[in-house]
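Below is one structure, written out as structure tokens; comments come after it.
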Amino acid sequence: MNQDWHEENYRDLMCVGLRVQRWLYRGQSEFQRIDIFDSEIFGRVLSLDGVLNTSEADEAFYHEQLVHPAMVSAKHAKRVLVIGGGDGGSVREVLRHSSVESLVMVEIDGEVIDACKLHLRSIGSAWDDARLQLVIGDGAAYVARDDLDPFDVILLDGTDPEGPGEVLYSAEFYANCRARLAEGGVFALQSASPFIQRDVFFRIQQRLRAAFSTVHPYFGPAPLYCSGVWSWTHASEGQDPLEVNLARLAAIEADCFYYNRQIHRAAFVQPNFVRKGLAALPTG
Ligand code: SAM
């Protein structure tokens, strides 16, 4: 890699380059390559295996959209599970909800957390919250356990479907997440770019539909990610994502950088190419 640039090469078809002002962390963990650097446009950036994962400048677009739609539409929001999320941004957003009594975070790579605690404190600002229980381990193995108390909300903040994150895109993993949900619970995940990763996006939709009766993708910008057009998906047994607990929403709305009640509704509006793609998905 050119020392002055971080280049994310997407399938050898597209490259996103960021000029590096300063490298802060460069390491190879048991699971992946970890790089943290300063950039002019996005501020401090985390890259894993050469893929841009989060940045100080745009992380709120992503973390607020991953966390709040599920937290305000689940029946309860007391027991929460975050899978992945090593930068701490999802945890920070979950713990803004005073309804949360316990939050379990299962991250496979402790070195990512350590590096982010050292160099990305602006994103992971809730590591010391007493409600947080940190588990270093594989999220897929964790949700396969049947001795866990059910969760009101499960959030998947994982990497792309390669390397350690691949297992987090399987039908079995989604079925286990379904089994770990409490009545009225919601599972939400980042579901790739519906534009540049169309195959991944529709495969996720199809597998989620096999595990959950109610599946709603939603959309928004993610400036750091390839194409900038991103999706998340809300999955449950009958929870309507537009039926929100207004008190829970109002309690966090004003302090959000991106998310609010109008954005919440607009995000679930499906563009035509998505509607047609979903209608064409094989059933059963
Ligand atoms: N928002 C980012 C994205 O969409 O690319 C993800 C950010 S977060 C840093 C992703 C985290 O998922 C990483 O810290 C990675 O180590 C973790 N991860 C990957 N596979 C995992 C697994 N099987 N179980 C738990 N955590 C995993």
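Just follow the structure's listing: the first ligand is 1, and inside any ligand the first atom is 1.
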Verify the ring-centre separation between Y174 and F212: is it less than 6.0 angstrom?
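Not close enough - the centres of the two rings lie 6.0 Å or further apart.
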
Would you say the rings of F37 and H6 are close, in the sense that their centroids are separated by under 6.0 Å?
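Centroid separation for H6 and F37: below 6.0 Å.
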
Would you say that more than 12 heavy atoms from the other residues, nucleotides or ligands in this model lie under 6.0 Å from the CG of D147, or not?
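Enclosed: over 12 neighbouring heavy atoms sit under 6.0 Å from CG of D147.
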
So does Q21 have more than 12 non-hydrogen atoms from other groups sitting under 6.0 Å from CD?
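Correct, the count exceeds 12.
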
Give yes if a backbone or side-chain nitrogen or oxygen of [X] is under 3.5 Å from a nitrogen or oxygen of ligand 1, and no if not.
| X | value |
| --- | --- |
| D109 | no |
| D87 | no |
| P164 | yes |

Closest protein heavy atom to [atom], given as residue, atom name and distance to 0.1 Å:
| atom | answer |
| --- | --- |
| atom 7 (C) of ligand 1 | N53 OD1, 3.3 Å |
| atom 3 (C) of ligand 1 | Y225 OH, 3.4 Å |
| atom 19 (C) of ligand 1 | T159 OG1, 3.3 Å |
| atom 23 (N) of ligand 1 | D138 OD1, 2.9 Å |
| atom 10 (C) of ligand 1 | D157 O, 3.2 Å |

What's the separation between atom [atom1] in [X] and atom [atom2] in [Y], rounded to the nearest 0.5 Å?
| X | Y | atom1 | atom2 | value |
| --- | --- | --- | --- | --- |
| S47 | Y25 | OG | OH | 13.0 Å |
| E111 | Q28 | CD | CD | 8.5 Å |
| Q32 | N53 | CD | CG | 7.5 Å |
| I252 | L95 | CD1 | CG | 13.0 Å |
| R180 | I154 | CZ | CD1 | 8.0 Å |
| D58 | T54 | CG | OG1 | 6.5 Å |

Would you indicate which of [options] comes nearest to [atom] when only heavy atoms are counted?
| atom | options | value |
| --- | --- | --- |
| atom 18 (N) of ligand 1 | I108, D160, I136, V143 | I108 |
| atom 24 (N) of ligand 1 | S47, G139, G88, A115 | G139 |
| atom 15 (C) of ligand 1 | E162, Q190, E111, E107 | E107 |

Counting heavy atoms only, which part of [X] comes closer than 4.0 Å to ligand 1: side chain, backbone, both or neither?
| X | result |
| --- | --- |
| Y62 | side chain |
| V106 | backbone |
| V167 | side chain |

Non-hydrogen atoms of [X] versus ligand 1: any pair closer than 4.0 Å?
| X | value |
| --- | --- |
| T54 | no |
| Y142 | no |
| A140 | no |
| E166 | no |
| G163 | no |

Pick one: which of Y259, Y62, F257, W232 meets ring-ring contact (aromatic ring centres under 6.0 Å, His included) with H68?
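Single ring-ring contact (aromatic ring centres under 6.0 Å, His included) partner of H68 among Y259, Y62, F257, W232: Y259.
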
So if I count the atoms of ligand 1 from 1 in the order they appear, which ones are less than 4.0 Å from some heavy atom of G137?
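Counting from 1, the qualifying ligand atoms are 24 (N), 25 (C).
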
So, R44 and D38, do they make that salt bridge, N to O below 4.0 Å?
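Looking at D38 together with R44, the answer is yes, because their closest N to O distance falls below 4.0 Å.
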
